[in-house]
Amino acid sequence: MKDTIAKIKALKNSKNALILAHNYQAVEIQELADFRGDSLQLAMLSARLDNPIIVFCGVRFMAETAAILNPASKVLLPVKDAGCPMADMITGAQLREFKQAYPGSAVVCYVNSTVEVKAESDICCTSSNAVKIIKSLPIDQTVLFVPDRNLGSWAGRQSGRKVITWDGYCPTHQWGFTPKDVVNMRNEYPDYTLLAHPECDRTIVDKADEVMSTGGMMKYVENHDKVIIATETGLTEYLQHLYPEKSIVSLSPKAVCPNMKKTHLEDVLAALQHEQHHIQVPEDIAIKAKVSIDRMLELS
Ligand code: 13P
Ligand code: SF4
């Protein structure tokens, strides 16, 4: 492992590359990365970078967003098939039909979506700004929210706006936790605070003390102790690594995102050696998708 890390660092320096990692990545990948963050933090950062190569340790939609925001850099996704099943739960054609069924509505798309879907949307959002983005729209306009039914309905309740959601979801957050997990963990850790990601089912979110993005959770734990985390287990593992003196537990060990777990140190090394896998978004789609991403960034 040490040898691989040394090779990655040498290659990274010689190519003036930068490594970004999402908060769900394995501890050794996050340790190695130059920057870590949630989807919004990494998107905002990628737009500002002037490195010729950005190695994005995460899933495809994140690397695509970085490539759209920073066409001058070569964005590499170390594992070609590291995708997000929720992003694939709606196609551009399905979104066009959805819009036709609700004329006059505004389309808010979660950044966990394909570029075609972003190109068909009015504005993007992430889990950290969904409520703010919905509230920025005219008060009487119906919102179509794609693809995540859980984030969309939670943000609709928080904003008090009429939100119609597409029936997509994240399998990790949808099936990784049960109300019984909440009962068991509350019994075991009665004085802990339960933080839930808004991708969780309402039966979990309604029982949480706080609902926030992965970046919000990282920040929360900086200043607090005794937390139960309801999101992908990689975040809990990294927090436990950062704060060994604190009491941080996962609501359930079942909440694993297989795609986030695909990236290993060897993949990062191969990405730098062979400059693979270069994420390229066709220009016509990238231009349209960038409009909805830029609108989000202006409000963030
Ligand atoms: P965050 O934007 O909160 O990091 O969430 C990304 C994600 O994929 C959650 O499953
Ligand atoms: Fe997609 Fe869920 Fe994995 Fe996040 S945790 S990348 S939403 S499958």
Side-chain angles (χ1 to χ4, degrees), residues 20-26 29-30 33 35-46 56-66 69 77-79 81-90 108-114 117-118 124-133 145-152 154-155 165-177 195-201 204-205 208 210-221 229-239 250-263 293 296-297 300:
L20 308 188
H22 184 263
N23 291 326
Y24 292 159
Q25 290 287 294
I29 302 285
Q30 295 208 48
F35 294 99
R36 294 150 286 277
D38 66 14
S39 310
L40 182 65
Q41 291 164 333
L42 295 178
M44 287 168 72
L45 178 69
S46 352
F56 207 119
C57 301
V59 292
R60 179 168 288 265
F61 77 81
M62 296 177 177
E64 282 173 347
T65 304
L69 290 172
L77 182 67
V79 178
D81 69 345
C84 169
M86 170 160 60
D88 297 325
M89 287 184 187
I90 184 166
V108 177
C109 85
Y110 190 21
V111 71
N112 299 36
S113 52
T114 63
V117 164
K118 288 184 179 76
C124 263
C125 76
T126 72
S127 60
S128 65
N129 61 17
V131 177
K132 189 174 182 182
I133 298 293
F145 192 99
V146 298
D148 188 3
R149 64 185 185 205
N150 291 326
L151 175 64
W154 173 78
T165 58
W166 188 255
D167 201 20
Y169 57 87
C170 159
T172 302
H173 287 80
Q174 182 69 53
W175 313 120
F177 310 107
L195 308 182
H197 195 278
E199 284 179 15
C200 293
D201 188 84
I204 307 301
V205 160
E210 307 274 354
V211 180
M212 56 184 78
S213 71
T214 64
M217 291 176 181
M218 296 298 297
K219 188 108 206 85
Y220 185 94
V221 175
I229 306 266
T231 195
E232 208 278 336
T233 53
L235 181 131
T236 310
E237 282 157 24
Y238 190 59
L239 281 171
S250 257
L251 180 62
S252 163
K254 295 193 303 290
V256 175
C257 173
N259 284 285
M260 282 286 180
K261 296 291 169 281
K262 283 180 179 168
T263 308
I293 301 170
M296 166 183 82
L297 294 181
S300 301

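Sequence positions, counted from 1, serve as the residue numbers for this chain. Atoms within a ligand are numbered from 1 in the order they appear, just like the ligands themselves. These numbers come from the heavy atoms of this one structure, side chains and all, not from hydrogens, waters or symmetry mates. Because the structure is a prediction, the values reported are computed rather than measured.
- Of the candidates T214, V205, T172, L235, H197 forms a side chain to side chain contact (heavy atoms under 4.5 Å, CB included) with just one, namely T214.
- Counting atoms of ligand 2 from 1 in the listed order, those under 4.0 Å from a heavy atom of E199 are 2 (Fe), 7 (S).
- In plain terms, the two heavy atoms of C84 and N112 that are nearest each other are SG-ND2, 4.1 Å.
- Side-chain atoms of N129 come within 3.5 Å of backbone atoms of T126 as a donor-acceptor pair (strictly under, hydrogens ignored).
- Counting only protein N, O or S atoms, 1 lie closer than 2.8 Å to atom 1 (Fe) of ligand 2.
- In the model, S250 has a side-chain atom that pairs as donor or acceptor with a side-chain atom of T236 under 3.5 Å.
- Scanning the protein heavy atoms around atom 4 (Fe) of ligand 2, the nearest turns out to be Y24 CE1, 3.9 Å.
- Just one residue in the list P198, C170, P147, S39 forms a side chain to side chain contact (heavy atoms under 4.5 Å, CB included) with Y110, and that residue is P147.
- Judged purely by atom type and a 3.5 angstrom limit, D38 uses its side chain to pair as donor or acceptor with the backbone of Q41.
- In terms of heavy-atom proximity, L77 sits nearest to G58 at CD1-O, 3.8 Å.
- Of all the heavy atoms in G176 and S252, the pair that sits closest is O-OG, 3.1 Å.
- Looking at every heavy atom in both residues, M89 comes nearest to W166 through O-NE1, 3.0 Å.
- Annotation: ligand 1 has protein neighbours H22, Y24, D38, S39, Y110, N112, S127, H173, H197, E199, S213, T214, each with a heavy atom less than 4.0 angstrom from the ligand.
- Residue G215 comes nearest to N23 through the heavy atom pair N-ND2, 3.7 Å, listed as atom of the first residue, atom of the second, then distance.
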